[in-house]
Amino acid sequence: QVSFYEQLETRLRALPGVEAASVASSLLGHEGNRLGYEIEGEPLVDPQQAPQVGELGIGADYFRVMDAAPLLGRAFTDADGVAGGPVVIVNRAFAGKFWPAAQNPLGKRLRLVVEGKPGSWLTVVGVVPDIFQGDTLRKRFDALIYLPYREEPEASMSVAARTRVAAATLGNALRHAVQEVDEDLPVFALHTLD
């Protein structure tokens, strides 16, 4: 799966008219995964009752596609989730909830709690602007964390691209790029983020 998504991202980035492209486990308007978590230094009394946070697995160019440069720290690189240490990026809502303005969130650690079992500690390497993820009608930003998709790729991922040309004109090129990697893979639900 990782190899497929890496090849696909490379092909999409090379398409004429595409500025940036990334895969993501979920796109705007769709809830991401909800996972339990623990903040280092905050006691977790019962792992079975860990608080939940929205989580998205994303590629290195995701924040370029969304035009959301990091407020602090950095975005992911293509090396994250492969050879480097376990890292996480949090949105402003998450950072503000746990590390008030006087505290620097960079270097802080959290870990996911899945089925009552805490995972490895993840180091915060970036804080990004709040992006509407779920129901955009509520006009409320939820706390979100972002992980490199290479950590745990999903069987079904979305693709997003920022373009220099009318996005609607790239549908066939996007389909062709996918089918160059896997001719039997269907591409569906193509639409602009407008």
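In this chain, residues are counted from 1 in sequence order. In what follows, every heavy atom counts, from backbone to side chain, and hydrogens, waters and symmetry copies are set aside. Fair warning: this is a prediction, and the values are worked out from it, not measured in the lab.
Ile145 has its side chain out of reach of Tyr37: every pair of non-hydrogen atoms, C-beta onward, lies at least 4.5 Å apart. The shortest distance between side-chain heavy atoms of Val124 and Trp99 falls below 4.5 Å. Looking at heavy atoms from C-beta onward, Ser22 lies in side-chain contact with Glu9 at the 4.5 angstrom threshold. The side-chain heavy atoms of Leu72 and Pro105, taken from C-beta on, include a pair separated by under 4.5 Å.
Nearest approach of Glu154 to Ser25, heavy atoms of both residues: OE2-CB, 3.6 Å. Summarising the geometry of Thr192 relative to Ala167, their closest heavy-atom pair is CG2-CB, 3.8 Å, with the distance given to 0.1 Å. Taking both residues in full, the closest heavy atoms of Pro148 and Asp80 are given as CB-O, 3.7 Å, listed atom of the first, atom of the second, then distance. Contact record, Ala160 with Leu27: CB-CD2, 3.9 Å, taken as the closest heavy-atom pair.
Sorted by first then second residue, the salt bridge (charged side-chain N to carboxylate O under 4.0 Å, His left out) pairs that include residues 169-186, not counting sequence neighbours, are Arg11-Glu180.
In terms of the salt bridge (charged side-chain N to carboxylate O under 4.0 Å, His left out) criterion, Arg162 has no residue partners (sequence neighbours excluded). In this view, Glu40 and Arg109, Trp121 satisfy the side chain to side chain contact (heavy atoms under 4.5 Å, CB included) rule, not counting sequence neighbours.
A donor-acceptor pair shorter than 3.5 Å can be found between the side chains of Ser3 and Gln7.
There is no path of hydrophobic side-chain contacts, each under 4.5 Å, that joins Leu106 to Tyr146. In the hydrophobic cluster analysis, where Ile, Leu, Val, Met, Phe, Trp and Tyr join through side-chain heavy atoms closer than 4.5 angstrom, Val88 is grouped together with Val127. Linking Ile, Leu, Val, Met, Phe, Trp and Tyr whenever their side-chain heavy atoms come within less than 4.5 Å leaves Phe94 and Ile131 in two separate clusters. Residues Val90 and Leu147 fall within the same hydrophobic cluster, defined by Ile, Leu, Val, Met, Phe, Trp and Tyr side chains chained together at heavy-atom separations under 4.5 Å.
More than 12 heavy atoms of other residues, nucleotides or ligands sit less than 6.0 Å from atom CG of Asp46.
Counting side-chain heavy-atom gaps under 4.5 Å among Ile, Leu, Val, Met, Phe, Trp and Tyr, the cluster of Val159 also holds Phe4, Tyr5, Leu8, Leu12, Leu15, Val18, Val23, Tyr149, Met157, Val165, Leu170, Leu174, Val178, Val181, Leu185, Val187, Leu190.
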Could you go through residues 54-68 and list every donor-acceptor pair under 3.5 Å that involves a side-chain atom there, pairing it with any protein atom two or more places apart or in another chain?
unit_1 : atom_1 : unit_2 : atom_2 : d
Glu55  : OE1    : Asn33  : ND2    : 3.1
Glu55  : OE2    : Gly57  : N      : 3.4
Asp61  : OD2    : Arg13  : NE     : 3.0
Arg64  : NH2    : Glu19  : O      : 3.2

Let me check something: any side-chain donor-acceptor pairs from residues 112-119 under 3.5 Å, sequence neighbours excluded? List them with distances.
none

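A salt bridge does not link Arg34 with Asp142: every distance from a Lys NZ or Arg NE/NH1/NH2 to an Asp or Glu carboxylate oxygen is 4.0 Å or more.
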side-chain contact (heavy atoms from CB on, under 4.5 Å) between Val87 and Arg74, intermediate numbers included: CA-CA 11 Å; Val87 295; Arg74 65 175 178 87; 4.3 Å; yes
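Note that CG of Leu110 and CD1 of Ile39 are 5.0 Å apart. Values are rounded to the nearest 0.5 Å. With rounding to the nearest 0.5 angstrom, the CG atom of Asn91 is 4.5 Å from the CG atom of Leu144.
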